[in-house]
Chemist: 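Structure below; questions to follow.
Note: hydrogens, waters and symmetry copies are ignored here, and every other heavy atom, side chains too, is used. Worth saying up front: this structure is predicted, and the values here are computed from it rather than measured. Residue numbers start from 1 in every chain, and the chains themselves are labelled A, B, ... in the order their sequence lines are given, proteins ahead of strands.
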Protein chains: 2
Amino acid sequence: MAGNSSSPGTSVTSRVLALLGSFDDDHRGLTLSQLARRAGLSLPTAHRLVSELVAWGALTRRPSGRYVVGRRLWDIGLLAPLQTDLRQVASPFLHDIYAATLATVHLAVRDGTEVLYIDRLAGHASVPVVSQVGSRLPMHATGVGKVLLAYAPDEVREAVLTDLSRVTPYTFTQPGRLLAELRRVRTEGYAQTSEEMSLGACSVAVPVRSPDRAVVAALGIVVPSLKRDRGRLVAALQVASQGITRSLASALPLDESE
Amino acid sequence: MAGNSSSPGTSVTSRVLALLGSFDDDHRGLTLSQLARRAGLSLPTAHRLVSELVAWGALTRRPSGRYVVGRRLWDIGLLAPLQTDLRQVASPFLHDIYAATLATVHLAVRDGTEVLYIDRLAGHASVPVVSQVGSRLPMHATGVGKVLLAYAPDEVREAVLTDLSRVTPYTFTQPGRLLAELRRVRTEGYAQTSEEMSLGACSVAVPVRSPDRAVVAALGIVVPSLKRDRGRLVAALQVASQGITRSLASALPLDESE
DNA sequence: CAGGCTCCTTCCACTCAGTGAAAGACCAGT
DNA sequence: ACTGGTCTTTCACTGAGTGGAAGGAGCCTG
């Protein structure tokens with residue numbers, strides 16, 4: 001570029017994206033200097049780019065001077081197909097499950113080697129749950145994660161098995177044991193966890209299939225303990241899962257004219 | 001730039017944003033040429049920029065060759081503060097309302113001179129409703145819109161009053177009549193519509209206040225007709241609205257360290 | 001109320017990243 | 001094989017984008 005040094009190979013586009021990527025769950029409000037630091041940009045550059053982003057509505061400047069993600073970006077994000085369509089179709093079924101079980105309900109998809117939560121439904125006060133819509137968690141320590149892992153391509157499964165980090169004392173960290181569990185998931189059609197992600201929380205999850213039988217998501221609930229009604233919970237989940245599959249048939253085209 | 005002509009004053013950033021802005025509710029999957037046309041870019045430029053966006057995860061390329069908004073953009077969008085926090089806090093209350101009324105429930109904020117829907121809760125099959133989460137509708141023809149307009153700054157109200165487009169035969173198109181209605185909203189604390197946005201749909205809405213009494217959102221429901229239970233519906237909404245205000249008190253800090 | 005700190009903003013000369021025309025590659029109809 | 005439509009790649013030119021340096025605006029602390 002000019003003036004002086006500048007990391008060559010860094011396009012303007014990538015700088016803009018680096019700025020957007022600087023925001024995450026733990027950093028939702030950032031000052032200009034923080035943004036510059038996190039994105040690896042000089043202050044003046046960050047300043048100019050950020051100003052353009054604010055003018056367009058991608059970012060918003062708070063009275064405090066901190067920048068946050070803006071509305072325009074929020075509603076463009078909502079146009080992401082899988083997430084939004086699945087959510088929309090699944091939403092009433094998540095309700096049914098909540099009504100039947102009063103447990104926190106989750107809808108999640110696989111994103112690389114992690115679980116991405118795309119919807120969540122919780123009552124006024126429920127079991128403490130780690131997940132947030134839009135957040136990612138490890139696959140091997142969550143119910144929905146095990147389901148998605150059980151039906152994932154081999155290379156994903158291998159990648160995950162090489163890094164079974166311990167989250168609680170009950171987390172499955174031995175590849176063999178997890179593999180056996182995944183086999184069980186495939187034959188029995190549901191996964192469960194017992195305090196493997198957070199203490200005091202157990203979960204059950206089932207796959208959600210598209211009309212062509214491919215597993216596209218997982219549906220799960222979190223409860224304080226699995227007592228003796230695991231069967232009932234699994235049944236509720238499976239009914240909802242099949243309902244979603246049926247609804248998807250009449251809702252997934254997505255290919256437009258002009 | 002170079003080569004030849006190029007609209008000067010058009011920064012790379014604005015080109016990237018123009019590409020992102022090319023997506024909307026009716027254009028969620030676009031081909032490269034459509035993107036280039038809509039963003040006002042040459043094909044090669046669009047091609048290069050889009051490739052960068054895809055590489056980063058802001059866009060995704062479908063098997064069909066069409067581009068759609070990607071996951072990365074989706075989850076960055078979720079970091080937008082007002083929307084996400086309000087939603088999260090309000091969600092259980094939307095449920096309560098749904099449980100009590102079985103009507104489609106909406107949570108909306110004002111965005112400029114339009115209503116922006118930030119959450120929506122509907123049963124398996126309800127009254128046909130136009131709104132979508134993330135979509136914008138005119139303020140003067142919706143229940144939540146009237147509420148937000150009633151409490152909006154004067155300049156916004158004036159801007160809206162100059163352009164009262166007719167949506168159905170029942171839409172309020174006379175500024176005087178709407179102004180009177182807004183006064184009524186402020187004194188009585190709720191707004192209503194009768195087939196003003198879409199035929200066969202009526203609505204009731206109330207303001208949602210932050211702990212400091214400012215109106216930050218509106219809560220509304222859509223029903224086939226207002227019959228005689230308007231009072232009951234308004235009461236349900238008001239209870240929920242006050243609940244949200246109370247919950248907001250313990251949830252709105254948003255200012256971080258590093 | 002100076003002095004030092006951090007944060008934000010503006011200026012400007014230099015130059016390399018980004019540009020679009022043109023041409024090539026690929027389809028699917030006819 | 002031709003035609004109209006996509007998408008992709010190349011390339012010489014140049015002005016848009018760059019970061020140092022310097023100027024402000026706060027806000028503590030001594």
Chemist: Does Thr13(A) have any side chain to side chain donor-acceptor pair (under 3.5 Å) partners at least two apart in sequence or in another chain, and if so, which?
Modeler: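 Partners of Thr13(A) by the side chain to side chain donor-acceptor pair (under 3.5 Å) criterion, ordered by chain and then number, come out as Glu52(B).
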
Chemist: Taking salt bridge (charged side-chain N to carboxylate O under 4.0 Å, His left out) as the test, write out the residues that go with Asp119(B), two or more places apart.
Modeler: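 Only Arg87(B) meet the salt bridge (charged side-chain N to carboxylate O under 4.0 Å, His left out) criterion with Asp119(B).
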
Chemist: Go through the structure and list residues passing ring-ring contact (aromatic ring centres under 6.0 Å, His included) with Tyr67(A), not counting sequence neighbours.
Modeler: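 Scan of Tyr67(A) (ring-ring contact (aromatic ring centres under 6.0 Å, His included), adjacent residues dropped) gives none.
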
Chemist: Ser51(A): which residues meet the side chain to side chain donor-acceptor pair (under 3.5 Å) condition with it, sequence neighbours left out?
Modeler: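 Testing Ser51(A) for side chain to side chain donor-acceptor pair (under 3.5 Å), a comparison that skips the adjacent residues, returns none.
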
Chemist: Please determine whether a side-chain nitrogen or oxygen atom of Arg48(B) lies at a distance below 4.0 Å from atom OP1 or OP2 of dG18(C).
Modeler: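 No, because none of the side-chain N or O atoms of Arg48(B) sits under 4.0 Å from OP1 or OP2 of dG18(C).
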
Chemist: Arg166(A): what forms a side chain to side chain donor-acceptor pair (under 3.5 Å) with it, not counting sequence neighbours?
Modeler: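 Thr173(A).
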
Chemist: For a quick check, with a 4.0 angstrom heavy-atom cut-off, what is the B/S/- contact string for nucleotides 22-27 of chain D, read 5' to 3'?
Modeler: ------

Chemist: For the CZ atom on Arg186(B), are there more than 12 heavy atoms of other groups (residues, nucleotides or ligands in this structure) within a distance under 6.0 Å?
Modeler: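 Check passes, neighbour count above 12.
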
Chemist: Polar-atom pairs under 3.5 Å, protein N or O versus N or O of nucleotides 7-9 of chain D: list them with distances, or write none.
Modeler:
residue : atom : partner  : partner atom : Å
dC7(D)  : OP1  : Leu32(B) : N            : 3.1
dC7(D)  : OP2  : Ser33(B) : N            : 3.1
dC7(D)  : OP2  : Ser33(B) : OG           : 2.0
dT8(D)  : OP1  : Arg61(B) : NH1          : 2.9
dT8(D)  : OP2  : His47(B) : NE2          : 3.1
dT8(D)  : O5'  : His47(B) : NE2          : 3.3

Chemist: Which range-with-range stems can be found for DNA chain C when each stem has 3 or more Watson-Crick or G-U pairs in a row and both distances sit under 3.5 Å?
Modeler: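 Expected stems, ordered by start: C:1-6 with D:25-30, C:9-24 with D:7-22, C:26-30 with D:1-5.
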
Chemist: Under the side chain to side chain donor-acceptor pair (under 3.5 Å) rule, collect the residues that match up with Arg209(B), sequence neighbours excluded.
Modeler: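 Here no residue qualifies.
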
Chemist: Could you work out, with salt bridge (charged side-chain N to carboxylate O under 4.0 Å, His left out) as the rule, every residue matching Asp154(A), not counting sequence neighbours?
Modeler: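 For Asp154(A), the residues satisfying salt bridge (charged side-chain N to carboxylate O under 4.0 Å, His left out) (neighbours in sequence not counted) are Arg157(A).
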
Chemist: Enumerate the ring pair (Phe, Tyr, Trp, His ring centres under 6.0 Å) contacts for residues 68-93 of chain A, please, sequence neighbours excluded, ordered by first and then second residue.
Modeler: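 Passing the test, one end in residues 68-93 of chain A: Phe93(A)-His124(B).
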
Chemist: Of all residues at least two apart in sequence or in a different chain, which pass the ring-ring contact (aromatic ring centres under 6.0 Å, His included) check with Tyr151(A)?
Modeler: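 Here no residue qualifies.
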
